Amino acid sequence: DFISRMFISGESFKEAELEKYCDYESMEVPDSYTGPRLSFPLLPDHATALLEAFKQKQQLHARYVLNLLHETRKHLKQLPNISHVSTCYSEEVTVCGDLHGQLDDLFLIFYKNGLPSPSKSYVFNGDFVDRGKQSLEILIILFTFLLIYPKEVHLNRGNHEDHMVNLRYGFTKEVMQKYKVHGKKILKMIQNVFCWLPLATLIDQKVLIIHGGISDTTDLDMLEKIQRNKFISVLRGKKRKESNRNVEIQEINGETKVEADPAGNEAAPSLSPQPRPAQAPSMANRLEFSKWVRQTVQEQIEWCRRLVDISESEEEELTYSSVVSLTDLDGPCWTRQEEWKQILDILWSDPMPQEGCRVNTVRGGGCYFGPDVTGKILEKHNLQFLIRSHECKQEGYEFCHNRKVLTIFSASNYYEIGSNRGAYVKLGPDLVPHFVQYQANKTAHTLTMTQRQDFLVALISRVEESAFRALREKLFAHTSGLISAFKAYDKDNTGRITLSNWAMAVESVLHLGLPWRMLRPQLVRSTTDGMLEYKSWLDDLAVEQRSQEHIQSSLLEVIYRNRSNLETIFRIIDRDHSGLISFEEFHQTWKLFSSHMNIELTDDSINDLVRSIDFNKDGNIDFNEFLEAFRLVKQSQ
């Protein structure tokens with residue numbers, strides 16, 4: 001009870017201190033602020049507004065950032081160390097690897113695969129930050145979707161969700177540059193959010209998703225029970241010698257770290273009948289106070305053991321706080337060192353083709369694990385395969401260990417433009433991985449709301465055109481019935497009827513219940529006197545129908561006969577093999593083409609051409625748009 005009260009009150013104090021330090025409610029948002037505004041609980045509209053704002057290079061006000069982090073932290077604290085996802089609640093689960101602050105890649109993933117929703121589950125496998133320039137925006141977007149769809153969005157911790165790593169690889173600097181006034185508060189809150197991120201995800205109890213890898217000592221049962229929030233930085237945990245019944249103090253997630261004494265151990269406590277604690281030193285000297293706590297707690301526990309006559313052979317787990325850990329005390333009590341190694345290995349390890357497990361000297365943390373280690377872990381926990389990230393792969397993904405380990409990496413152009421593709425993997429109930437590769441560029445998939453509206457209007461226009469074509473085909477198919485209906489209104493046999501009578505006659509034959517008077521401008525040429533020569537109109541329908549049939553049949557024949565050639569041309573233009581032709585690739589190819597063919601093409605004419613082919617206005621040309629361009633050219637010829 002003494003121990004429990006001491007450390008629970010200590011935790012509460014830290015909580016209150018953090019809340020007070022990061023007090024977002026006292027911040028005022030000025031009227032001049034034009035960025036997105038958040039209110040909780042969050043709604044899908046908030047996520048849409050954030051996406052739009054970040055595409056426009058807007059910045060979220062510090063108050064909303066801190067509020068979001070506060071709510072995210074509250075949510076993450078309720079989650080287990082290992083998240084469990086089932087494919088029976090959604091058609092498939094999408095797993096994304098490292099993003100490293102590359103917002104264009106996240107936009108491209110959402111563009112291709114769709115936004116998170118009740119029917120679209122995502123697992124983001126760590127390393128959201130560092131190296132790229134928009135790490136904070138990625139965090140804000142992911143945390144927003146996490147709060148809106150807590151059952152569909154899952155975030156794993158990566159080795160870069162660590163404030164010590166962030167100091168070196170850019171995230172700390174990015175936050176301080178973007179939020180010069182409140183940057184320190186935001187970083188402090190993010191540091192606390194990171195330590196609450198789950199460590200792994202299990203899909204259907206068969207596929208384990210962790211950021212780095214495993215080791216020969218990886219134990220999922222231990223991982224499930226570790227107090228993960230105590231490890232704000234796994235880089236700060238250091239191994240030191242321990243004697244039997246020694247108490248280890250390593251305040252890995254605190255503001256300070258209690259140093260061990262030079263010998264690395266402590267003397268065994270005295271065996272007095274009832275230990276009388278020495279007078280507590282001042283709280284001002286944190287080192288002395290920590291030593292006093294350590295000594296007093298150890299003496300109390302030793303005395304309690306003797307009092308109830310607990311023998312050394314009994315296996316009893318005595319744990320009371322992750323700030324104080326007992327080692328080798330009456331059974332399998334995990335030490336802070338063992339817990340730290342579990343987390344270090346899953347965040348920092350890499351697979352190797354050789355058998356065994358050895359220290360990862362290149363990274364300075366984690367290990368290299370071989371196919372035999374993978375096999376043992378999968379067999380022990382009845383798993384099918386392992387998904388990890390942590391390493392850049394040229395194609396965005398790579399299998400190893402007899403396809404039992406899959407690496408997925410979602411940051412394209414990681415080293416330089418064209419260096420690698422990004423990828424994500426989709427898993428359905430059969431757990432068969434399906435990969436989608438891509439290569440982002442700055443202009444791709446950043447449609448503004450206005451551009452999306454223009455695209456929607458264009459799409460509706462094309463749908464309407466298709467609908468009217470079908471309607472004209474139906475009118476043509478009922479030619480004989482329409483002639484009889486028109487003649488019934490043409491009493492004097494003039495070959496002409498009023499437009500009003502035309503509408504009534506068409507409805508009497510087709511019985512479609514359509515507003516024919518409103519549709520008339522799309523079906524009948526305008527007349528000056530309001531009269532229609534119905535025989536001439538039917539002849540026009542017949543000519544149009546025969547022409548349409550000829551065009552469609554010859555067009556399909558030409559396109560499919562030359563599809564392989566068009567595919568080859570498409571691949572030649574698509575220099576980075578991303579599956580999309582960028583404006584720059586199109587421009588370079590056509591400049592070369594015009595030079596070779598001695599055709600004068602200005603930059604403006606090339607730009608007009610590429611924009612005309614880019615039907616959905618997303619800044620790229622996919623293969624269907626490429627084929628459509630040839631179809632339109634052939635049709636016009």
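When reading the values below, keep in mind they use all heavy atoms of this one structure, side chains included, and skip hydrogens, waters and symmetry mates. Keep in mind that this is a model prediction, so the values were computed, not measured.
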Point to revise | Distance-only donor-acceptor check, side chains T218 and D345, under 3.5 Å | key: no
Review point. Does K426 NZ have over 12 foreign heavy atoms under 6.0 Å away?
Key: yes
Check your understanding: Any chance the rings of Y169 and F171 have centres within less than 6.0 Å?
Key -> no
Point to revise | Pair V29-Y64, side chain to side chain contact (heavy atoms under 4.5 Å, CB included): steps then yes or no | key: CA-CA 9 Å; V29 181; Y64 300 124; 3.8 Å; yes
Practice item. Measure the shortest side-chain to side-chain distance between N620 and S582 over non-hydrogen atoms and say whether it is less than 4.5 angstrom. Key: yes
Practice item. Over 60° means perpendicular and under 30° means parallel, so classify the ring planes of Y33 and H61, tilted if in between. Key: perpendicular
Check your understanding: Without hydrogens or angle criteria, can the side chains of T94 and N113 be said to hold a donor-acceptor pair below 3.5 Å?
Key -> yes
Practice item. Kindly determine whether V65 and I140 satisfy side chain to side chain contact (heavy atoms under 4.5 Å, CB included), including the steps that lead there. Key: CA-CA 7 Å; V65 176; I140 290 170; 4.1 Å; yes
Practice item. Check for a donor-acceptor pair, side chain of S410 on one end and backbone N or O of G97 on the other, with a separation under 3.5 Å. Key: yes
Point to revise | From CA spacing to verdict: side-chain hydrogen bond (donor to acceptor under 3.5 Å, both in side chains), D127, H100 | key: CA-CA 6 Å; D127 278 14; H100 279 303; 3.3 Å; yes
Check your understanding: Among side-chain atoms of S419 and N413, is any donor-acceptor pair under 3.5 angstrom?
Key -> no
Check your understanding: When you check the side-chain N and O atoms of T48 and D45, is any donor under 3.5 Å from an acceptor?
Key -> no
**Study point:** Any side-chain heavy-atom pair of L199 and I210 under 4.5 Å
**Key:** no
Review point. Should we count CD of E584 as having more than 12 external heavy atoms under 6.0 Å?
Key: no
Review point. Shortest non-hydrogen contact from Q58 to P36?
Key: OE1-CD, 4.2 Å
Review point. Do H46 side-chain atoms and L43 backbone N/O form a donor-acceptor pair below 3.5 Å?
Key: yes
Check your understanding: Can you tell me how far CZ of R611 sits from CG of L609, rounded to the nearest 0.5 angstrom?
Key -> 11.0 Å
Revision key, fill the gap. All heavy atoms of L427 vs all of P433, minimum pair found to be CD2-CA, 3.5 Å
Practice item. Could you tell me whether K55 and E52 have a side-chain N and a carboxylate O separated by less than 4.0 Å? Key: no
Review point. Where do D162 and L235 come nearest, in terms of heavy atoms and distance?
Key: OD2-N, 4.0 Å
Check your understanding: Looking at R388 and D350, does any basic side-chain N land under 4.0 Å from a carboxylate oxygen?
Key -> yes
**Study point:** Check: K206 main-chain N/O paired with D204 side-chain donor or acceptor under 3.5 Å
**Key:** no
Point to revise | Check: S26 side chain, D23 main-chain N or O, donor-acceptor pair, under 3.5 Å | key: yes
Check your understanding: Angle class for the F110/F124 ring planes (parallel below 30°, perpendicular above 60°, tilted otherwise)?
Key -> perpendicular
Review point. Counting distance only, does the side-chain N/O of N420 pair as donor-acceptor with the main-chain N or O of C392 below 3.5 Å?
Key: no
Point to revise | Gap between atom CG of D622 and atom CG of L580 - 0.5 Å precision | key: 6.5 Å
Check your understanding: How about Y397 and R421: do any of their side-chain heavy atoms sit closer than 4.5 Å?
Key -> no
Review point. Has E224 got more than 12 heavy atoms of other residues, nucleotides or ligands less than 6.0 Å from its CD?
Key: yes
Point to revise | R168 atom CZ: more than 12 heavy-atom contacts under 6.0 Å | key: no
Review point. Are the side chains of V85 and L202 in touch, meaning some heavy atoms are under 4.5 Å apart?
Key: no
Exercise for review: Mind checking the OG-CD spacing from S119 to E92? Nearest 0.5 Å is all I need.
Suggested key: 9.5 Å
Review point. Looking at SG of C195 and CG of N229, how far apart are the two atoms once the value is rounded to the nearest 0.5 Å?
Key: 5.0 Å
Check your understanding: Is the gap between the ring centers of F409 and Y414 under 6.0 Å?
Key -> yes
Check your understanding: Checking ring pair (Phe, Tyr, Trp, His ring centres under 6.0 Å) for the pair F231/F194: CA distance, chi angles, key distance, verdict?
Key -> CA-CA 9 Å; F231 296 86; F194 279 170; over 10 Å; no
**Study point:** H390 and R363 side chains, donor-acceptor separation under 3.5 Å
**Key:** yes
Check your understanding: Under a 4.5 Å cut-off applied to non-hydrogen side-chain atoms, are Q56 and T34 in contact?
Key -> no
Check your understanding: Are N125 and H211 close enough that a side-chain donor and a side-chain acceptor fall under 3.5 Å?
Key -> no
Review point. Could you go step by step and tell me if F54 and I141 meet the side chain to side chain contact (heavy atoms under 4.5 Å, CB included) rule?
Key: CA-CA 9 Å; F54 292 154; I141 290 170; 3.7 Å; yes
**Study point:** Any side-chain heavy-atom pair of Q342 and I226 under 4.5 Å
**Key:** yes
Check your understanding: Under 4.0 Å between a Lys/Arg side-chain N and an Asp/Glu carboxylate O for R131 and E174?
Key -> no
Practice item. Mark yes or no: K112 above the aromatic ring of Y438, with NZ or CZ under 6.0 Å from the six-membered ring centre and no more than 45 degrees from the axis. Key: no
Practice item. Would you give the length of the straight line joining atom CG of L431 to atom CD of Q384, rounded to the nearest 0.5 angstrom? Key: 5.0 Å
Point to revise | Residue pairs passing the salt bridge (charged side-chain N to carboxylate O under 4.0 Å, His left out) test where at least one lies in residues 150-161, sequence neighbours excluded | key: none
**Study point:** Minimal non-hydrogen separation, V193 against L69, with atom names
**Key:** CG2-O, 3.6 Å
Review point. Under 3.5 Å, is there a donor-acceptor pair linking the side chains of Q134 and Q102?
Key: no
**Study point:** Beyond-backbone contact of D105 with L99, side-chain heavy atoms, under 4.5 angstrom
**Key:** yes
Check your understanding: Looking only at heavy atoms, what is the nearest atom pair of A200 and L208, with distance?
Key -> CB-CD1, 4.1 Å
Exercise for review: Could you give me the CA-CA distance, side-chain angles and deciding distance for K185 and K188, then say whether side chain to side chain contact (heavy atoms under 4.5 Å, CB included) is met?
Suggested key: CA-CA 5 Å; K185 292 183 179 181; K188 181 67 178 175; 5.7 Å; no
Review point. Looking only at side chains, do K173 and N166 share a donor and an acceptor under 3.5 Å apart?
Key: no
Review point. Are R73 and W196 close enough that some pair of their side-chain heavy atoms sits under 4.5 Å apart?
Key: yes
Revision key, fill the gap. Value for CG (L66) from CD1 (I190), rounded to nearest 0.5 Å, stands at 8.5 Å
**Study point:** Heavy-atom pair of closest approach, residues S412 and A440
**Key:** OG-N, 3.2 Å
